[in-house]
Amino acid sequence: MNRDFKKGAGFIPYGRQWIDGKDIRAVVKVLKSDWITQGPKVEEFEKAIAKYCGVRYGVAVSSGTAALKASYIVAGIEPGDEVITIPLTFAATANMIVDCGGKPVFVDIQEDTLNIEPKEVEKKITKRTKAIAIVDFAGHPCDLDEIKKIARKHKLLVIEDASHALGSEYKGQRIGGITDLTIFSFHPVKAITCGEGGMILTNNRKFYERLKILRHHGIIKNLKKGGWYYKIEKPGYNFRITDFQCALGISQLKKLNKFIKRRREIVAQYNKVFKNIKEVITPKERSYVKSAWHIYWIRLKNPAKRRIVFDKLKKSGIGVQVHYIPLYLQPYYRKKFGYKKNNYPKVERYYQGAITLPLYPQMRDDDVKYVIKALKRSL
Ligand SMILES: *Cc1c(COP(=O)(O)O)cnc(C)c1O
């Protein structure tokens with residue numbers, strides 16, 4: 001099956017940004033102003049996202065990874081501490097735990113949502129456990145009530161890596177203010193983009209204040225002691241984001257609901273066809289959530305076919321992916337923490353048959369039909 005992509009057009013990526021003239025004008029306006037970083041757009045963006053998500057405070061940073069690192073620091077993750085998390089995620093979720101000197105203690109998933117299995121969480125709690133770091137996989141919120149209940153019982157903090165879930169809803173409430181610290185990423189494949197960027201949302205004023213200090217080298221100003229005066233009690237980082245990135249974010253946020261609506265339409269088109277194909281398992285949405293659908297994953301029942309199907313789709317000009325190689329299979333995690341193959345049977349079963357199909361708001365109905373046709377043929 002050839003598409004004109006061989007003539008240089010028509011490749012369908014698994015995800016991509018949608019930047020329009022308004023976005024570009026918003027960025028250019030800031031570039032021509034006096035403040036290209038640490039100006040008024042940072043706070044405007046923080047307030048806009050916080051308001052959209054129904055949360056008190058937002059702190060914008062340079063990436064989702066920086067947002068995770070900053071969250072783990074304010075959560076008090078220190079050398080020797082354990083953080084319960086899932087291995088089916090982008091590396092940064094666990095890497096930043098390790099970066100704080102902590103140990104990621106992995107837990108298996110639920111096979112329908114690919115999220116953390118709350119029943120498995122409690123079994124892994126020890127005296128050293130400080131927090132639970134969850135991921136709303138593909139945009140589908142985790143079992144937040146169950147996780148929060150366990151956290152409350154054992155006095156643990158919940159950090160929610162919601163990089164996939166900006167605009168998702170759990171029991172009628174938008175993701176962002178449900179857990180202690182929620183983080184978003186604004187990488188171009190995510191729901192909205194700043195080029196690079198991230199944000200931490202919280203309802204906790206102390207966390208908010210510490211996050212702002214951490215973002216800027218740990219510097220605490222005290223004007224009473226003089227206009228020049230500042231002190232550093234604990235060294236921080238340069239996790240700052242620029243004003244023109246935030247201008248892009250503000251402009252993008254205005255289109256988020258439209259983006260999500262289109263993502264949901266595409267998912268419905270995929271589901272309608274794939275539910276009748278015996279060889280594939282498709283993602284489901286539970287009745288009490290609304291997913292923002294960051295990615296559309298399928299799982300082949302016969303993992304022996306994954307490689308062939310993947311390669312055939314690639315050859316047809318379709319930018320398939322696999323989200324993700326389980327982290328405990330990575331050499332570092334095996335060596336450092338002793339994780340082994342088959343430690344997490346459900347994660348592995350998913351991974352063996354997993355393929356991510358294209359999904360982004362600018363994808364046309366024709367593109368969706370093409371992907372469906374190519375998948376059917378490849379099977
Ligand atoms: C994208 C992503 C991140 C990292 O975000 P960056 O902005 O690329 O640093 C972290 N966790 C998950 C689950 C992600 O999808």
Side-chain angles (χ1 to χ4, degrees), residues 13-17 45-46 49 58-73 75 77 83-100 104 106-107 109 113-116 131-142 144 158-168 175-176 179 181-201 211 214-215 237-242 245-246 248-249 252 263 283 291-297 321-328 330 333 347 350-351 354 356 359-360:
Y14 87 90
R16 65 161 286 151
Q17 72 280 10
F45 184 42
E46 290 170 343
I49 293 276
V59 179
V61 291
S62 49
S63 69
T65 305
L68 282 165
K69 171 79 183 182
S71 297
Y72 293 142
I73 293 172
I77 309 306
V83 178
I84 294 174
T85 190
I86 66 160
L88 190 69
T89 179
F90 181 62
T93 318
N95 282 356
M96 291 303 105
I97 297 170
V98 173
D99 204 55
C100 290
F106 295 125
V107 167
I109 53 166
T113 63
L114 309 183
N115 286 333
I116 197 162
I132 308 171
I134 56 175
V135 177
D136 302 311
F137 195 94
H140 193 295
C142 294
L144 296 172
V158 181
I159 295 145
E160 187 175 357
D161 182 344
S163 296
H164 298 182
L166 179 62
S168 292
I175 293 299
T179 49
L181 293 146
T182 302
I183 78 102
F184 294 118
S185 161
F186 306 117
H187 180 275
V189 296
K190 306 292 160 71
I192 61 168
T193 190
C194 296
E196 297 278 0
M199 198 177 292
I200 308 111
L201 295 186
L211 287 165
L214 256 180
R215 171 174 67 184
Y237 300 83
N238 177 355
F239 282 160
R240 295 189 308 265
I241 185 169
T242 64
Q245 287 173 300
C246 290
L248 178 55
Q252 285 261 297
R263 284 177 179 276
S291 175
W293 289 107
H294 165 56
I295 52 170
Y296 185 83
W297 57 268
Q321 283 280 343
V322 171
H323 292 90
Y324 299 87
I325 301 172
L327 284 174
Y328 66 92
Q330 295 294 352
Y333 288 91
V347 170
Y350 163 73
Y351 166 63
T356 300
L359 174 60
Y360 51 93

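Both backbone and side-chain heavy atoms feed into the values below; hydrogens, waters and symmetry mates do not. Here the structure is a predicted model, which is why all the values come from computation and not from measurement. Both ligands and their constituent atoms are indexed starting at 1 by order of listing.
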* Asked: Between Thr93 and ligand 1, which part of the residue brings a heavy atom under 4.0 Å of the ligand: side chain, backbone, both or neither?
  ->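 It is the side chain that touches ligand 1; the backbone stays farther off.
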
So do the side chains of [X] and [Y] get within less than 4.5 Å of each other, counting heavy atoms only?
X      : Y      : value
Phe137 : Ile295 : yes
Phe184 : Ile192 : no
Tyr333 : Val98  : yes
Ile132 : Val107 : no

Within ligand 1, which atoms have a heavy atom of [X] less than 4.0 Å away?
X      : result
Thr89  : 13 (C)
Ser63  : 7 (O), 9 (O)
Tyr324 : 15 (O)

Using non-hydrogen atoms of the residue, decide whether [X] is closer than 4.0 angstrom to ligand 1.
X      : value
Phe184 : no
Gly197 : yes
His294 : no

Please confirm whether [X] comes within less than 3.5 Å of ligand 1 when only nitrogen or oxygen atoms on both sides are compared.
X      : value
Thr65  : yes
Glu196 : no
His187 : no
Phe186 : no

* Just say parallel, tilted or perpendicular for the rings of Trp297 and Tyr350, cut-offs at 30° and 60°. =>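 Geometry flag for Tyr350 against Trp297: perpendicular rings.
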
* Asked: Using the ring of each side chain (for Trp, its six-membered ring), is Phe239 parallel, tilted or perpendicular to Tyr237, with breaks at 30° and 60°?
  ->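 Correct class here is parallel.
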
* Asked: Quick one: salt bridge (Lys or Arg N to Asp or Glu O under 4.0 Å) pairs with a partner in residues 58-70, sequence neighbours left out?
  ->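 Non-adjacent pairs meeting salt bridge (Lys or Arg N to Asp or Glu O under 4.0 Å): Lys69-Asp99.
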
Residue and atom name of the nearest protein heavy atom (relative to [atom]), distance in Å to one decimal:
atom                    : result
atom 14 (C) of ligand 1 : Lys190 NZ, 3.2 Å
atom 5 (O) of ligand 1  : Ser185 OG, 3.3 Å
atom 11 (N) of ligand 1 : Asp161 OD2, 2.7 Å

* Asked: Counting distance only, does the side-chain N/O of Thr85 pair as donor-acceptor with the main-chain N or O of Ala133 below 3.5 Å?
  ->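 Yes, the answer is positive, given that a donor and an acceptor are paired below the 3.5 Å cut-off.
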
* Cut-off 3.5 Å, side chains only: do His323 and Thr356 have a donor facing an acceptor? ->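 A donor-acceptor contact under 3.5 Å links the two side chains.
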
